[in-house]
Amino acid sequence: MPAPDRIVRLNTVLARTGLSRSTIYRKIAESTFPVQLRISINGAGWRESDIDRWIEDPVSWRPEEEAGDGR
């Protein structure tokens, strides 16, 4: 049974990627970085697997829906 996917918060994403907060949100708007998940009214986080996948190949990263359709 695979381990459950953890939700990581912004500070963890900043530390793991080395990007600034403004760069992360700009990349989200450009669809070149994973979007966050709403986890409460005032909270959001990212799937750790999405961040891991982005770290592996940040230049060619695309959302999974696009990555699977041959683009």
Side-chain angles (χ1 to χ4, degrees):
M1 182 171 162
D5 204 2
R6 290 180 15 172
I7 303 297
V8 293
R9 301 295 297 264
L10 180 60
N11 286 339
T12 303
V13 174
L14 294 172
R16 297 225 18 232
T17 63
L19 301 174
S20 69
R21 177 185 168 113
S22 59
T23 299
I24 286 174
Y25 288 112
R26 179 178 46 82
K27 287 182 158 300
I28 289 171
E30 296 169 348
S31 295
T32 59
F33 195 82
V35 277
Q36 20 357 4
L37 304 168
R38 176 76 49 206
I39 57 177
S40 69
I41 293 172
N42 295 317
W46 285 262
R47 284 186 182 95
E48 190 171 35
S49 62
D50 287 343
I51 300 304
D52 291 342
R53 202 166 53 88
W54 185 88
I55 289 170
E56 287 176 18
D57 192 6
V59 174
S60 64
W61 182 91
R62 293 291 175 258
E64 284 189 339
E65 307 84 61
E66 291 181 17
D69 68 6
R71 284 190 226 183

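The hydrophobic clustering, which links ILVMFWY residues whose side-chain heavy atoms are closer than 4.5 Å, places Leu10 and Ile51 together. Hydrophobic cluster membership differs between Ile39 and Leu14, with clusters built from Ile, Leu, Val, Met, Phe, Trp and Tyr side chains linked at under 4.5 angstrom. Ile28 and Leu37 fall into different hydrophobic clusters, where Ile, Leu, Val, Met, Phe, Trp and Tyr are joined by side-chain heavy atoms under 4.5 Å apart, directly or via other members.
The CD1 atom of Ile7 lies 11.5 Å from the OG1 atom of Thr12; values are rounded to the nearest 0.5 Å.
Shown here are the side chain to side chain donor-acceptor pair (under 3.5 Å) partners of Asp57, two or more places apart in sequence or in another chain: Ser60. With sequence neighbours excluded, the residues satisfying salt bridge (charged side-chain N to carboxylate O under 4.0 Å, His left out) with Arg16 are Glu48, Asp52. A search for salt bridge (charged side-chain N to carboxylate O under 4.0 Å, His left out) contacts involving Glu56 returns nothing, not counting sequence neighbours.
Side-chain contact between Arg26 and Thr23 is present, with at least one heavy-atom pair separated by less than 4.5 Å. Using a 4.5 Å cut-off on side-chain heavy atoms (C-beta onward), Arg47 and Val8 make no contact.
Here the closest non-hydrogen pair linking Asp50 and Trp61 is O-NE1, 4.1 Å. Residues Ser31 and Pro63 come closest through the heavy atom pair O-CD, 4.0 Å.
Arg53 places a side-chain N or O within 3.5 Å of a backbone atom of Arg62 that can act as its donor or acceptor partner. Side-chain atoms of Trp46 do not come within 3.5 Å of backbone N or O of Val13 as any donor-acceptor pair.
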